[in-house]
Amino acid sequence: MKLLRLELFGFKSFLNRTVFHFSEGITSIVGPNGCGKSNIVDAIVWALGERGTKSLRIKDMGDVIFHGSNGKRPVNVAEVAVDFFDGQKEVAIKRRIYRDGTNEYYMNGTLVRLKDIQDFFLGTGVGLNAYAIVEQGRVEYFIQMKPQERRVLIEETS
Amino acid sequence: MKLLRLELFGFKSFLNRTVFHFSEGITSIVGPNGCGKSNIVDAIVWALGERGTKSLRIKDMGDVIFHGSNGKRPVNVAEVAVDFFDGQKEVAIKRRIYRDGTNEYYMNGTLVRLKDIQDFFLGTGVGLNAYAIVEQGRVEYFIQMKPQERRVLIEETS
Amino acid sequence: AKDIFSETFVRVNETFQRFVKTLFKGGKGYLSLTQDGSGVDMYVQPPGKKVNRMEQLSGGEKALVSIAFLLALMDTRPSPFSLLDEIDAPLDDSNLLSLLQIMKDISAKTQIVFITHNRLTMESSDTIYGITMEEEGVSKIVSVRL
Amino acid sequence: AKDIFSETFVRVNETFQRFVKTLFKGGKGYLSLTQDGSGVDMYVQPPGKKVNRMEQLSGGEKALVSIAFLLALMDTRPSPFSLLDEIDAPLDDSNLLSLLQIMKDISAKTQIVFITHNRLTMESSDTIYGITMEEEGVSKIVSVRL
Ligand SMILES: Nc1ncnc2c1ncn2[C@@H]1O[C@H](COP(=O)(O)OP(=O)(O)OP(=O)(O)O)[C@@H](O)[C@H]1O
Ligand SMILES: Nc1ncnc2c1ncn2[C@@H]1O[C@H](COP(=O)(O)OP(=O)(O)OP(=O)(O)O)[C@@H](O)[C@H]1O
Ligand SMILES: [Mg+2]
Ligand SMILES: [Mg+2]
C-alpha cells in the first residue's frame, strides 16, 4: 500500500483544487505559520473516515468546508481524494461533505459507505487508528498514554 | 527589582556549586536535550517558594535533591540562592532542603519563614504567580486559560 | 477596585492590539469582558482571514496570540525579569524575528532569559550561557561561541 | 491470541531497546508488562543518568522516548506511510540528526511525510513541498529551493 496522490478543494484553507504527488522516501512540507500545513494532515485523516471533531480542530463537521476569507466567499462543498497503490492496482478513496452536513464516500468512483472504506483498509496499517500519524504538539503522545493503550497498540500491530 | 545572581548546588542535575550572573538585556541559555536548562527555571521558581510538585516535575519535595548518577553518589541537601537589586540595595533569598524534607528559607543570611519572603515580593511582580515565567511546552498557556483566570491576571497587574 | 481594573483592562487591551498587529503584520486582535464580567475573552483575526473560533488557528498562530497577551502584561506592568523556556519552538523564522525585535525593546525595562535551541534567538541575545554534562548526569556551565 | 501478542511484544521491545540506544547514544530502555498484564510500561535510562520516574526526563528526552516507541512499531509492522507534524520541534541538532538517519533507513519501507520549520529536516528530505498564502486565507503549493 503506497500513498500516491492527494487532491483537495474547498477543504479548510485549500479553496482551490490542489494536487500533491507523493514519491518514495522522505517528503517535507514547509511554510510560514498558518499557511495550511497541518490542514493537509487533517485532510488525509478526514478522507480516511475521521469523524472526531477534536483531532480535526473543528466544532461541527461542516467546519472543514472553506468558510471564506477577506477576498473570497465561503463555498458549499469540500472534497478530498487520496490515491493508493495496493501492490497490484490503484485505489482511489474520496470523501465529500456539503453545507447541509451530508457526507459521501467514494471508492474508485463508486459511492460506498464508510464501512466499506474501513473494511478495505482493515489490517493494512492505514486508516483511522493509524499509529503512524502524529499530529502537531503530540510528539510525547506515546510516553503520555496509559499502559493499557500502549498494549492495545502492540496488539493491533500483531 | 533586578535579578543579579543565581547560585545553586545539589539541586536536580546541578550537583556542584554553579553561579550565574545576570546582566541587563537578553540572556539565552543553550545546550543539548537533558543537560539541565529547564532545571534552572525550576531552581528560581523553587527558591521563590514554589511548593507545587507538578510545575517542578517532581513527586515529593525531596526529589529536587541530586539523586546520583552513574559516577556520583546522591547528596542530602539542595540549596538555591537568588540575589536581587531592589533599587537601593542587594537582597539575597535562599532556600535549602534536606533529605528528611525540612525546608529552610533565608533572607540576607537570616532564617525567615516563607511568608516573609512572599511578603517581601508582594506587589513587585516577582514571586510565585509571576505571569512572566513560561515553562517549557506552555507557550499557549494564555490562550488556553479560562476567561476568569485571564481576568485575575489583569487584576493582579493593576 | 472596579475602576482600577477597568483602567488596567483598557491599557492591557490597547497593548494587546498593538502587539497582535506587529506579530501578525496586520490583522486585528482585542480582549473583551465576558457577559457576566467575570472573565476576559480574546479574539484575533490574522490579516485577510476569517476566524470564527480561536481553536481554528494554527499551532504557531496560537503561540503568537498567547505571547501577545504576555507582552501586553509585561508592557502594562513590567516584571523585573522574565524566564521563557523554548517559546520559539513553534514559530517560523519571520515571526520569531518580529518577536525578537519586540523583546529587544522590552529588555530595556525587563531582564529577559530565553531557553532555546534556535540560532536566531541566540544571535539576538546579549549574553549566552551554555549548559553541558561533561560528567554524565551532572550539569555545568560552559562558554559558548556562536 | 496470547501467543501472538507476546511474540509481537518481544519484537517491539527489542526494537524499542535498539532505537533508544541509537537515539540516546547509549543508555538503555525497555518495555514491560504491568503486574496484571493489562498494559505496557516503558523505562528509559539515558547514559550515565539515574532516572527514577519518566516525569523527570527533559522535554527533548521525553520526545525521543516517545519517538523510539513509534519507530519500534513502524519497524515491527511497517505502515504504508507516516505523517509527522513538527516532531522535531523539541530536539537539539545532534538528536535530530540521529533521528533523521533512522528515518532515512525506515523510508525504504515506509513513505515519511514531515511537516517542519527545521532546516536540517528539510535538507535530509527527498522532496519538499512549500505551502503559502499568496492570497490571504487561501493555501496553495509553491516550489521551494533550499
Ligand atoms: N474551514 C476553513 N476555511 C478557511 N480557513 C480555515 C478553515 N479552517 C481552518 N482554516 C485556517 O487554516 C489556518 C491554519 O492552518 P494550519 O493549522 O494548517 O497552519 P500550519 O501551516 O500548520 O501553521 P503552523 O506552522 O503554525 O503550525 C488557520 O489560520 C485557519 O484560520
Ligand atoms: N534530583 C535530580 N537529580 C539528578 N538529576 C535530575 C534530578 N531531577 C532531574 N534530573 C535530571 O535532569 C534532566 C533534565 O533536565 P532538564 O529538564 O533541565 O533538561 P533540558 O536542558 O531542559 O533539556 P531539553 O532541551 O530536552 O528541554 C533529566 O535527564 C533528569 O534525569
Ligand atoms: Mg501546523
Ligand atoms: Mg527543557
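Only heavy atoms go into these numbers, but all of them, side chains included; no hydrogens, no water, no symmetry mates. Reminder, nothing fancy here: chain letters follow the sequence lines and each chain counts from 1.
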Please look at B:Asn39 and chain D and tell me whether the side chain, the backbone, both or neither of the residue comes under 4.5 angstrom of a heavy atom of that chain.
neither

Are the side chains of B:Asn70 and D:Lys50 in contact, using a 4.5 Å heavy-atom criterion?
no

Which pair of non-hydrogen atoms, one from B:Ser69 and one from D:Gly48, has the smallest distance, and what is that distance?
CB-O, 3.3 Å

Heavy-atom count around D:Arg11 CZ within 6.0 Å, excluding the residue itself: above 12?
no

Structural part of D:Pro90 lying under 4.5 Å from a heavy atom of chain B
backbone

Please report the closest heavy-atom contact between B:Asn33 and D:Ser58, naming both atoms and the distance.
C-OG, 4.2 Å

Which atoms of B:Ile58 come close to chain D, meaning under 4.5 Å heavy atom to heavy atom: side chain ones, backbone ones, both, or neither?
backbone

Heavy-atom count around D:Lys140 NZ within 6.0 Å, excluding the residue itself: above 12?
no

Heavy-atom distance under 4.5 Å to chain D: side chain of B:Lys12, backbone, both or neither?
neither

Check each atom of D:Leu57 against the heavy atoms of chain B and say whether the ones under 4.5 Å are side chain, backbone, both or neither.
backbone

Heavy-atom side-chain proximity of D:Arg53 to B:Lys59 below 4.5 angstrom
yes

Got a sec: does the CD of D:Glu123 have more than 12 other heavy atoms crowding it under 6.0 Å?
yes

